[in-house]
Chemist: 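Take a look at this one; I'll ask things after.
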Amino acid sequence: MKWLNDFKLAVINEDIDKLDALIANFHEQKFTTDEAIEAQALTKSAIEVYKKHTKYIKSEMQKLQNVRRYIKA
């Protein structure tokens, strides 16, 4: 199934934009039992990708806030 293969690649590549697009049309998919199990496992991996990305964004924002404080001082 193309959607499942694309989702798998997006998880492996940690492609947040592609994951967002694929998740947006998730409800349109029809899965076999095996595909549904695989999609469930990949969804757990996608959640970890989002958590990792969120931590990165928070770290970058903290750096920017530190620079801002330094410039104001």
Chemist: Between atom CZ of Arg68 and atom CD of Gln65, what is the distance when rounded to the nearest 0.5 Å?
Modeler: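 Here the rounded value is 8.0 Å.
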
Chemist: In terms of hydrophobic clusters joined by side-chain contacts under 4.5 Å, are Met1 and Phe7 together?
Modeler: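 Both belong to a single hydrophobic cluster.
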
Chemist: Angle class for the Phe31/Phe26 ring planes (parallel below 30°, perpendicular above 60°, tilted otherwise)?
Modeler: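 The arrangement is tilted - the two ring planes meet at 30° to 60°.
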
Chemist: Answer yes or no: is there a side-chain heavy-atom contact under 4.5 Å between Leu42 and Leu4?
Modeler: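 Yes. Closest side-chain heavy atoms under 4.5 Å.
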
Chemist: Among Ile12, Asp17, Val11, which residue meets the side-chain contact (heavy atoms from CB on, under 4.5 Å) test with Asp15?
Modeler: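 Answer after filtering Ile12, Asp17, Val11: Asp17.
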
Chemist: To the nearest 0.5 Å, what is the distance between CG on Asn66 and CE on Met61?
Modeler: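 Rounded to the nearest 0.5 Å, the CG-CE separation comes to 12.0 Å.
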
Chemist: Are side-chain heavy atoms of Asp20 and Tyr50 found at a separation under 4.5 Å?
Modeler: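 Yes, side chains in contact.
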
Chemist: Contact between Glu14 and His53 at the side-chain level, heavy atoms closer than 4.5 Å - yes or no?
Modeler: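 Side chain of Glu14 against side chain of His53, heavy atoms only: no contact under 4.5 Å found.
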
Chemist: Ion pair present between Glu38 and Lys8, side-chain N to carboxylate O less than 4.0 angstrom?
Modeler: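 Answer for the salt bridge query: yes.
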
Chemist: Got a donor-acceptor contact below 3.5 angstrom from the Trp3 side chain to the Gln29 backbone?
Modeler: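 Side chain of Trp3 to backbone of Gln29, a donor-acceptor pair under 3.5 Å: no, none is there.
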
Chemist: Within the side chain of Glu35, is there an N or O that forms a donor-acceptor pair under 3.5 Å with the backbone of Thr32?
Modeler: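 Judged by distance alone, yes, a pair lies under 3.5 Å.
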
